[in-house]
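Note that the coordinates shown come from a computational prediction; the quantities given were computed from them, not determined experimentally. In what follows, chains are A, B, ... by sequence order, proteins preceding strands, each numbered from 1.
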Amino acid sequence: MEPFAKLTSKVVVLSQANIDTDQIIPARFLTTTTREGLGDLAFYDWRYEDDGSAKPEAILNRIDPSEHRILLGGPNFACGSSREHAPWALLDYGFRAIISTEIADIFTSNALKNGLLPIVVSQDVWDDLAQNQDQPVSIDLENNQIQRGNAAPVGFKVEAFARQCMLDGVDTLGWLLAKDTQIAAFETTRNDTAPQRTAP
Amino acid sequence: MSNTQPQTLYEKVWQRHVVVAETQSTPGVMYVDLHLVHEVTSPQAFAELDARGLKVRRPDRTFATLDHSTPTLPSGPDGKLPYVTEQARKQVETLEANTKRHGIELAGWDSDQRGVVHVMGPELGLTQPGMTVVCGDSHTATHGAFGALAFGIGTSEVGYTLATQCLIQRKAKTLRVTVNGQLQNGVSGKDVALAIIATIGFGGGTGYVIEYAGEAIRSLDMEGRMTLCNMSIEAGARAGMIAPDEKTIEWLRGRRFAPADYEAAARDWLSLASDEGAVFDKEVTLDGAQIRPMATWGTTPDAAIPVGEAAPQPQSESDAKALAYMGFTAGQATTSEKVDVVFVGSCTNGRLSDMRITASVLKGRKVADGVRMLVVPGSEAVRKQAEAEGLHTIVTAAGAEWRIPGCSMCIAMNGDVVGEGQLCVSTSNRNFEGRQGKGARTILASPATAAASAIAGHLATAEEIA
Ligand code: SF4
């Protein structure tokens, strides 16, 4: 995972409410067994016609993803399924941060594990960013602040541990694996309610 | 006298699974009792394990099935299963190989225990009260009907669980939804679920674990409770739970993985109920007697109204867009629109009681001209029992299709799709744009309402066609 410290970028606004994971990546593309190359499938039905030709009017086909690393999404962003394909697709498309007034739980957890930063802001801040979408926005994870132009910086919260992992660019599996002694102790001392299983 | 604070059901289950307690700067480490695995969200997790040279820590606490990308039609004359694409076949074969290599039991094609993951788990008694249950699927909350703490995880977490049998978690807030009073005849767990989501809103449960309580909830049978907990995620909640009671104990008794000392386990399970005086972060109360058969008019599950009521005036741009997508007009009853497809199945409503109610509505009747109806049992066990009761002949005699178990039109990734622009009354859990196929328009409803709509050719309750 790529470390995340500071990011300054233009913003893409997708303002509708409840942009669900089926919009972000339709279920018919979930038969993949890898996590690569999903950026082309991000918002597929918003971007492509049935015959696979690109819709020229679709905003995500008009911008240069390398210059637009921040997605400003409508409320209840990424609700729906637990598919990690959603953050994979958004990252592969080019996004590094999502800003919304409300972001779904499972998506938040999935996004953080992949280096995609979900940021929840108040409606006022959201409106301000949307109204000034031509101005670049700076996200400073070290100081938990967003800044636009000369406007006063706005603070945001990210769960402390996930934040540290993002800053360091480390994934959490290594941290969990290091808890092996505690896990083993738990397994031997707990009052076990495990399912009674026959050998596989 | 105990000096401990009164605890909620969630807090009790949570506390039993803390391996390392959370601090300000680090989340807690939570032990996972049961990890259910399916073909869609696991391949990248197994690949990660392989890349790091890791083993599955507890294959005996892991159980896999094939359900999402699997065809629901039998093999053709060439003996080959009709997968929608080669990639779907490969995905299934990848799970077959991964489970074999890691010694994980798979209810595969040759098993009479295969089923949609959240139908299969409880059926085998894998799911038990007080457990933590996770699966790479957002409807894992289903298992909360047994008083388990069950929630959906992403693929990275599937990998963590395979490798360490643990997850990093922060404690959630608690929300108690109390449904008082008696439910009217013909009102099912699905109607209760839709009524609750319409009340708290499609994000209203974000950050919370819901406990469902009250007389109306207690009156639901285990299958109705599973349907209700299943849809907790549609209110944004991490999980939904119901305290174990006598119904829970009777339902699990004798199942394949039920504990050997069942009475001792049962006593323990009954102690999980929220203590008197336990405090919830938020409380919502509904009157169960007011709930009627529900159906959705929009493209989010909270857009639910009693069947027959007019679609509401849009309150926002999103509402207006949803109405336009569905082809409904504000102020017009959604029952006037012709239905093209009816789907009965999924982990929400693919259980035996759902098959029975569907057959009871279809019995001696015909599916309306121009309506395609699919009935897909949630598991091989459901299929077997339904067929033993002759339900499949009632379904086919009515002109509907009786299929092989799988997720089918719930997620429409196996080739069972609703055509562009078609209107489908579905017993599944999501009515998002394109969920059942590109441009598909979905109305969520109970099995009774779905079956009645198939007969009527438009959205209707079972009472109306009786
Ligand atoms: S039936 Fe639908 S919701 Fe349930 S596991 Fe399958 S795809 Fe997920």
Do [X] and [Y] have side-chain heavy atoms sitting under 4.5 Å apart?
| X | Y | result |
| --- | --- | --- |
| B/Ser156 | A/Asp171 | no |
| B/Thr155 | A/Asn110 | no |
| B/Pro27 | A/Glu159 | yes |
| A/Lys179 | B/Val19 | no |
| B/Tyr31 | A/Glu187 | yes |

Choice from B/His68, B/Arg238, B/Lys321 maximising heavy atom contacts with chain A below 4.5 Å: B/Lys321

Salt bridge B/Glu48-A/Arg35, side-chain N to carboxylate O under 4.0 Å: yes

Electrostatic pair B/Arg430-A/Asp22, nearest N-O below 4.0 angstrom: no

Reported CD1-to-OG distance for the pair B/Ile168 and A/Ser109, which is rounded to 0.5 angstrom: 7.5 Å

Region of B/Ile411 in contact with chain A, defined by heavy-atom distances below 4.5 Å: both

Contact class of B/Leu106 relative to chain A, heavy atoms under 4.5 angstrom: neither

Chain B-proximal positions within residues 83-101 of chain A [heavy-atom distance under 4.5 Å]: A/Arg83, A/Glu84, A/His85, A/Trp88

Closest non-hydrogen atom pair between B/Gly236 and A/Asp105, with its separation: O-OD2, 4.2 Å

Check: B/Glu433 side chain, A/Gln23 main-chain N or O, donor-acceptor pair, under 3.5 Å: no

When A/Ala162, A/Gly80, A/Ala104, A/Pro26 are compared by non-hydrogen pairs under 4.5 Å with chain B, the top option: A/Gly80

